[in-house]
K.L.:
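One structure is given below, represented as structure tokens, and several questions about it will come after.
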Amino acid sequence: MSLGLISELLLIAVIVLLCWAVREFGSAIWYAGKLAGPVAYPLFGNGLQFLNLPRAELLPVLGGLIKRYGDCFRLWLGTHLLVIINDPKDIEAILSNPKCIDKSIEYSFFRLWLGDGLLTSTGHKWRTHRKIITPSFHFKILEQFVDIFDQQSSILVRKLEPFARETGESFDLFPVVSLCTLDIFYESAMGVTMNAQLNSESGYVRAVKEMTSLIQDRFYDFLLRYEFFFRFSANRRRQLKALKVLHGYTNRVVITKREELAKKSATTEPTRMDGDAEVGTKKRMAFLEMLLQSTIDGEPLTDLEIRDEVNTFMLGGHDTTVAAISFLLHSLANYDCIQQKLFDEVRSIVGDDLSESPTMAMLNDMNYLELVIKETLRLYPSAPLFGRKMMENTEINGKIFPAGANVVVCPFFLGRNPKYFPNPLVFDPERFNVETSAEKTNPYQYIPFSAGPRNCIGQKFAMLEIKSVISKVLRHYEILPAPQEIRSVETLQPFHSADRIFGSYSIPEFLHVVRTLITEYGDCFRVWLGTQLVIVVNDPKDIEVVLSSPKYIDKSTEYDFIRPWLGEGLLTSAGRKWHTHRKVITPTFHFKILEQFVEIFDRQSTTFVQMLKPFAESGKSFDIFPQVTLCALDVICESAMGTKVDAQLHSTSTYVLAVKEISNLIQLRFYDFLIRYNFFFRLSSNSRKQKKVLKILHNYTDSVISDRRKQLANASNTGGSEKPNDHDLGIKRKMAFLDMLLQSTVDGRPLTDLEIREEVDTFMFEGHDTTTSAISFLLQSLAKNPAIQQKVFDEVRNIVGDDRTQPVTMAMLNEMSYLDLVIKETLRLYPSVPMIGRKMYQTTEINGKIYPAGANVIIMPFFVGRSSKYYTNPEKFDPERFNVETSAEKTNPYRYIPFSAGPRNCIGQKFAVAELKSLVSKVLRHYEILPPTEQWDESFIAELILRPEHGTFVRLKQRMY
């Protein structure tokens with residue numbers, strides 16, 4: 001393959017995926033375009049700017065963007081729209097709005113661990129759980145935890161003693177503090193000790209570290225951010241292993257505590273959690289125990305709900321306080337005057353006895369320490385970024401934030417902005433003094449605990465814990481700066497993305513590209529589409545081997561897109577089901593049965609010529625394809641189900657619109673790379689549209705089947721039904737395809753309603769779209785070739801006569817031999833099915849070539865029919881080439897396969913040809929078909945059927961005779 005062609009294909013792929021992005025994200029793109037931000041490239045957006053960027057560089061890069069684009073700008077990370085806001089007025093509008101409580105996409109990474117806990121849930125569940133959990137942080141309840149803070153802080157100072165003795169050596173404080181906070185939160189949450197500081201290699205401690213690390217990895221690895229790729233990664237397996245430990249341990253504690261409470265309630269009156277009850281003053285209760293005594297609508301929380309909230313309390317409190325304590329100690333090391341002032345305050349409150357345990361009152365008296373904590377969280381907010389998901393388009397201070405956008409608030413940059421904090425890089429706790437508080441002007445300038453309805457519920461708990469740990473450390477040690485600058489990486493960091501998407505060809509260019517490949521590589525070549533191997537075959541000898549063999553009856557991947565509609569009907573099924581159903585359905589297309597459908601063809605064709613009358617009167621060019629579609633839909637509905645939808649008269653009926661919509665949705669999956677995969681399709685808006693449409697289609701067919709089955713049962717009970725036989729079938733009365741299926745059996749049992757629906761829907765799909773394509777291209781060809789049109793008209797007039805109201809009969813249609821040639825020539829140039837696919841389930845040799853198992857073999861009647869190897873002057877429309885004496889089918893019948901061939905050939909081809917003859921002959925008896933006045937380039941779209949890219953334009957003139 002030449003470099004130029006590869007470049008062309010890549011360009012085409014980018015264009016197609018760009019079109020997909022516009023369709024899927026049109027509204028977001030429109031409103032995002034009104035916001036400032038760096039130039040976003042198709043598909044990748046701004047993701048390349050963050051690709052492979054070290055974590056420590058992410059905040060500086062984001063800071064540079066804020067400096068360049070201001071306090072509100074947008075970033076596209078692949079298909080994810082981020083709106084970064086740093087204006088306190090905008091932040092207030094978002095965080096204070098009860099409608100904007102949904103968390104951004106990154107929070108979903110926690111869901112496997114935290115379930116629907118307070119951090120990840122939304123809507124009614126979040127509100128009810130927030131309401132019952134809020135009292136758990138009442139000051140009287142918080143007081144009981146002070147003992148835990150002190151006990152674990154005492155262990156921390158003992159663990160620090162070896163580092164203090166090793167004078168002159170710096171060390172990383174973060175891991176040591178992490179174990180301490182883990183002990184605090186575990187005991188506070190579950191009421192049992194874990195001793196992480198004493199046993200840092202316990203299974204639970206390792207699982208917490210592992211789980212935290214795996215979640216962080218997903219923030220920065222683009223592929224792992226997507227659930228599809230994460231499921232196949234080693235990280236997924238590691239996560240499941242860690243979750244088994246975490247959930248197993250929490251579940252055991254929950255069950256044990258519930259059993260203990262049950263035993264106690266049997267002998268004593270249980271303690272309640274209401275209002276200002278003296279909870280926590282008589283005995284210490286863990287967060288878990290409070291949850292076990294809480295109710296929602298009079299019902300206790302389930303074990304799963306309790307586990308989710310306990311785990312959320314663990315994660316939400318553990319990591320964030322580790323960051324706050326570590327950065328605070330680091331700041332004190334760099335500001336010895338502040339450290340001394342803080343030590344003096346602690347000493348004056350607690351005293352000189354190092355074994356003295358601080359009380360709640362003592363901690364509350366540490367006012368200067370509170371200022372230091374606030375200043376630490378201004379410069380080093382534990383959560384430097386947090387996000388909200390916009391569920392609807394929202395105007396905020398004159399800007400439209402589109403639905404689907406992830407709005408990212410950045411406390412890290414807000415706290416360092418000189419507009420809101422003078423000398424922002426100076427560590428100055430006094431700025432939070434009551435008299436000069438930085439929070440006064442706008443409280444949304446300082447939001448380390450978020451704000452509004454989804455603010456941090458445990459911030460008072462966190463402040464007390466930090467005070468206890470810091471005061472304990474200061475009473476034992478002087479904190480010194482490290483001898484060299486240590487560059488820190490914040491707890492949470494910006495997210496990056498860089499899509500690597502394989503594209504397909506642009507829809508109208510697809511056939512042109514394939515023609516180029518055939519010219520360069522011949523009649524048999526392979527193409528890799530991602531992980532899918534496609535072998536394109538255009539040699540009639542190879543085609544014969546594939547299509548004539550009973551081994552190769554499985555359809556290729558593309559047919560799966562039709563399966564939600566057609567189920568396991570004749571088009572999509574394989575194996576024994578296909579064999580048995582083919583055997584049952586084949587007699588349905590016996591010539592005696594086909595004869596009864598001629599009346600339907602004629603009646604709907606009459607409606608069709610009436611609908612064309614306004615176009616004939618205007619004399620203007622028009623696209624006949626949509627009109628033919630409606631006619632074909634009327635024909636196939638009445639033939640298949642025995643019911644009339646009157647699509648030509650009511651083109652906006654629910655069923656008609658549903659058929660159009662499902663056809664369109666199926667076609668879109670051929671050329672949109674992402675939604676070709678079920679994983680991405682299920683997440684797309686197209687999937688939701690398809691479910692809605694399928695409900696209409698299936699309900700309609702189901703209701704017709706149910707009604708008809710009841711009618712047949714009633715007729716049978718009254719003796720009004722008789723089974724058809726070879727002598728009278730189709731003569732005594734008209735039977736729809738559905739009626740025949742209802743009377744058919746497989747292995748002595750009747751077909752189920754589902755099996756019947758699948759076959760009826762298959763008949764609908766195959767007969768409707770394919771005949772539309774054939775009729776439209778045939779009429780257009782007659783318009784281009786007036787001499788051939790005149791010859792066809794003369795034949796029809798000679799057979800039917802001059803009475804335009806005369807219905808045609810099956811015998812008349814069979815006599816139209818020249819029209820038969822015209823149909824064949826039309827299908828040679830414009831095969832309704834331009835590609836036929838088979839799936840190879842075993843490695844096979846075909847004419848010296850090995851076709852590996854798993855390959856999709858694609859046969860292209862469109863190119864076989866236009867090959868100069870098999871047809872002289874292939875671009876010329878010449879029906880005579882199919883004359884019996886010179887038939888193009890004689891040399892090798894696999895050169896001409898518009899209805900496929902072999903065991904899986906089109907079962908309804910005789911039905912289709914009869915329908916084509918009826919409609920075309922009817923049109924010719926009323927109108928002369930003329931070419932359009934404008935020039936139209938002939939180009940095609942190859943899907944399951946062949947479609948004109950720009951329509952099938954013709955003019956009509958009333959035929960006079």
K.L.:
Any chance you could lay out the side-chain contact (heavy atoms from CB on, under 4.5 Å) test for Asp878 and Asn873, step after step, and finish with the verdict?
P.N.:
CA-CA 9 Å; Asp878 179 16; Asn873 298 320; over 6 Å; no

K.L.:
Rounded to the nearest 0.5 Å, what separation is found between the CD1 atom of Ile941 and the CG atom of Leu946?
P.N.:
9.0 Å

K.L.:
Determine yes or no for a side-chain-to-main-chain donor-acceptor pair under 3.5 angstrom, with Thr629 supplying the side chain and Thr772 the backbone.
P.N.:
no

K.L.:
Find the distance between CE (Met764) and CG (Leu566) and round it off to the nearest 0.5 Å.
P.N.:
10.5 Å

K.L.:
To the nearest 0.5 Å, how far apart are CD in Gln604 and CD in Glu915?
P.N.:
10.0 Å

K.L.:
Please report the interatomic distance CD(Glu766) to CG(Asp761), rounded to the nearest 0.5 Å.
P.N.:
11.5 Å

K.L.:
With side chains defined as the heavy atoms from C-beta onward, is the minimum distance between Leu821 and Phe882 less than 4.5 Å?
P.N.:
yes

K.L.:
Could you list the residues that satisfy salt bridge (charged side-chain N to carboxylate O under 4.0 Å, His left out) with Asp702, not counting sequence neighbours?
P.N.:
Arg757

K.L.:
Can Glu825 and Arg828 be counted as an ion pair, charged N to O under 4.0 angstrom?
P.N.:
yes

K.L.:
Is there a side-chain contact (heavy atoms from CB on, under 4.5 Å) between Thr809 and Val598? Walk through the geometry before answering.
P.N.:
CA-CA 7 Å; Thr809 63; Val598 174; 5.5 Å; no

K.L.:
Taking the side chain as every heavy atom from C-beta outward, state whether Met611 and Leu649 have any pair of such atoms under 4.5 Å apart.
P.N.:
yes

K.L.:
Heavy atoms, side chains only, cut-off 4.5 Å: are Val920 and Leu782 in contact?
P.N.:
yes

K.L.:
Show your working on side-chain contact (heavy atoms from CB on, under 4.5 Å) between Val693 and Gln690 and close with a plain yes or no.
P.N.:
CA-CA 5 Å; Val693 170; Gln690 179 172 282; 5.8 Å; no

K.L.:
Which atom names give the shortest non-hydrogen contact between Val822 and Val792, and what distance separates them?
P.N.:
CG2-CG2, 3.6 Å

K.L.:
Using a 6.0 Å cut-off, check whether atom NZ of Lys583 has over 12 heavy atoms from anything other than its own residue.
P.N.:
no

K.L.:
Spell out, as yes or no, whether a donor-acceptor pair under 3.5 Å connects the side chain of Ser773 to the backbone of Asp769.
P.N.:
no

K.L.:
Would a 4.5 Å heavy-atom cut-off, applied to side chains only, mark Arg838 and Ser900 as touching?
P.N.:
yes

K.L.:
Give a yes or no answer on whether the side chain of Ser549 reaches the backbone of Val546 with a donor-acceptor pair at less than 3.5 Å.
P.N.:
no

K.L.:
Quick one: do Asp560 and Lys839 make a salt bridge, cutoff under 4.0 Å?
P.N.:
no

K.L.:
Using a 3.5 Å distance criterion without hydrogens, assess whether the side chain of Arg895 forms a donor-acceptor pair with backbone atoms of Tyr871.
P.N.:
no

K.L.:
So Val913 and Lys917, do their side chains get closer than 4.5 Å, heavy atoms only?
P.N.:
yes

K.L.:
Kindly give the heavy-atom pair with the smallest separation between Arg959 and Glu928, and that separation in Å.
P.N.:
NH2-CA, 3.5 Å

K.L.:
Ignoring hydrogens and geometry, is there a side-chain-to-backbone donor-acceptor pair from Arg955 to Pro932 under 3.5 Å?
P.N.:
no

K.L.:
Would you say the side chain of Trp565 lies within less than 4.5 Å of the side chain of Leu694, judging by non-hydrogen atoms?
P.N.:
yes

K.L.:
Is it true that atom CZ of Arg576 has more than 12 heavy atoms of other residues, nucleotides or ligands lying nearer than 6.0 Å?
P.N.:
no

K.L.:
Can you see whether Tyr559 has Arg563 sitting over its ring - NZ or CZ less than 6.0 Å from the centre and within 45° of the normal?
P.N.:
no

K.L.:
At their closest point, which heavy atom of Gln780 faces which heavy atom of Phe953, and how far apart are they?
P.N.:
NE2-N, 4.0 Å

K.L.:
May I ask you to decide if Tyr841's main-chain N or O and Asp554's side chain share a donor-acceptor pair within less than 3.5 Å?
P.N.:
no

K.L.:
Which pair of non-hydrogen atoms, one from Pro861 and one from Pro834, has the smallest distance, and what is that distance?
P.N.:
CD-O, 3.1 Å

K.L.:
In Å and rounded to the nearest 0.5 Å, what is the NE2 to CG distance from His581 to Leu751?
P.N.:
5.5 Å

K.L.:
Return the minimal non-hydrogen interatomic distance between Phe940 and Leu511, and the atom names on each side.
P.N.:
CB-CD1, 3.8 Å

K.L.:
Tell me if a side-chain donor or acceptor on Thr572 pairs with a main-chain N or O of Gly567 at a distance below 3.5 Å.
P.N.:
yes

K.L.:
Spell out, as yes or no, whether a donor-acceptor pair under 3.5 Å connects the side chain of Glu568 to the backbone of Glu758.
P.N.:
no

K.L.:
Taking the ring centre of each residue, are Phe911 and Phe601 less than 6.0 Å apart?
P.N.:
yes

K.L.:
Evaluate the side-chain proximity of Thr826 to Phe877: yes if any heavy-atom separation is below 4.5 Å, no if none is.
P.N.:
yes

K.L.:
Could you name each residue pair satisfying ring pair (Phe, Tyr, Trp, His ring centres under 6.0 Å) that touches residues 618-643, not counting sequence neighbours?
P.N.:
Phe615-Phe622

K.L.:
What pairs with Asn538 under side chain to side chain contact (heavy atoms under 4.5 Å, CB included), at least two apart in sequence or on another chain?
P.N.:
Ile518, Asp523, Val536, Met860, Phe863, Val864

K.L.:
Walk me through it: do Ile788 and Tyr818 pass the test side-chain contact (heavy atoms from CB on, under 4.5 Å)?
P.N.:
CA-CA 9 Å; Ile788 294 173; Tyr818 186 69; 3.6 Å; yes

K.L.:
Which atom pair, heavy atoms only, marks the closest approach of Ser605 to Leu919?
P.N.:
OG-CA, 3.4 Å

K.L.:
Hey, does Phe608 have a side-chain heavy atom less than 4.5 Å from the side chain of Leu630?
P.N.:
no

K.L.:
I'd like to know if the side chain of Arg925 and the backbone of Arg804 have a donor-acceptor N/O pair within less than 3.5 Å.
P.N.:
yes

K.L.:
Can you tell me how the ring of Phe777 sits relative to the ring of Tyr830, calling it parallel under 30°, perpendicular over 60° and tilted otherwise?
P.N.:
parallel

K.L.:
Closer than 3.5 angstrom, by distance alone: can the side chain of Gln909 be matched with the main-chain N or O of Cys906 as a donor-acceptor pair?
P.N.:
yes

K.L.:
With salt bridge (Lys or Arg N to Asp or Glu O under 4.0 Å) as the rule and sequence neighbours excluded, what pairs involving residues 791-801 come up?
P.N.:
Lys791-Glu880, Arg797-Asp802

K.L.:
Quick check for you: to the nearest 0.5 Å, what is the distance between Gln789 atom CD and Asn785 atom CG?
P.N.:
9.5 Å

K.L.:
What residues, two or more places apart in sequence or in another chain, satisfy side chain to side chain contact (heavy atoms under 4.5 Å, CB included) together with Lys695?
P.N.:
Asn699

K.L.:
Can you list the residues that meet the side chain to side chain contact (heavy atoms under 4.5 Å, CB included) rule with Val545, with sequence neighbours excluded?
P.N.:
Ile846, Asn847

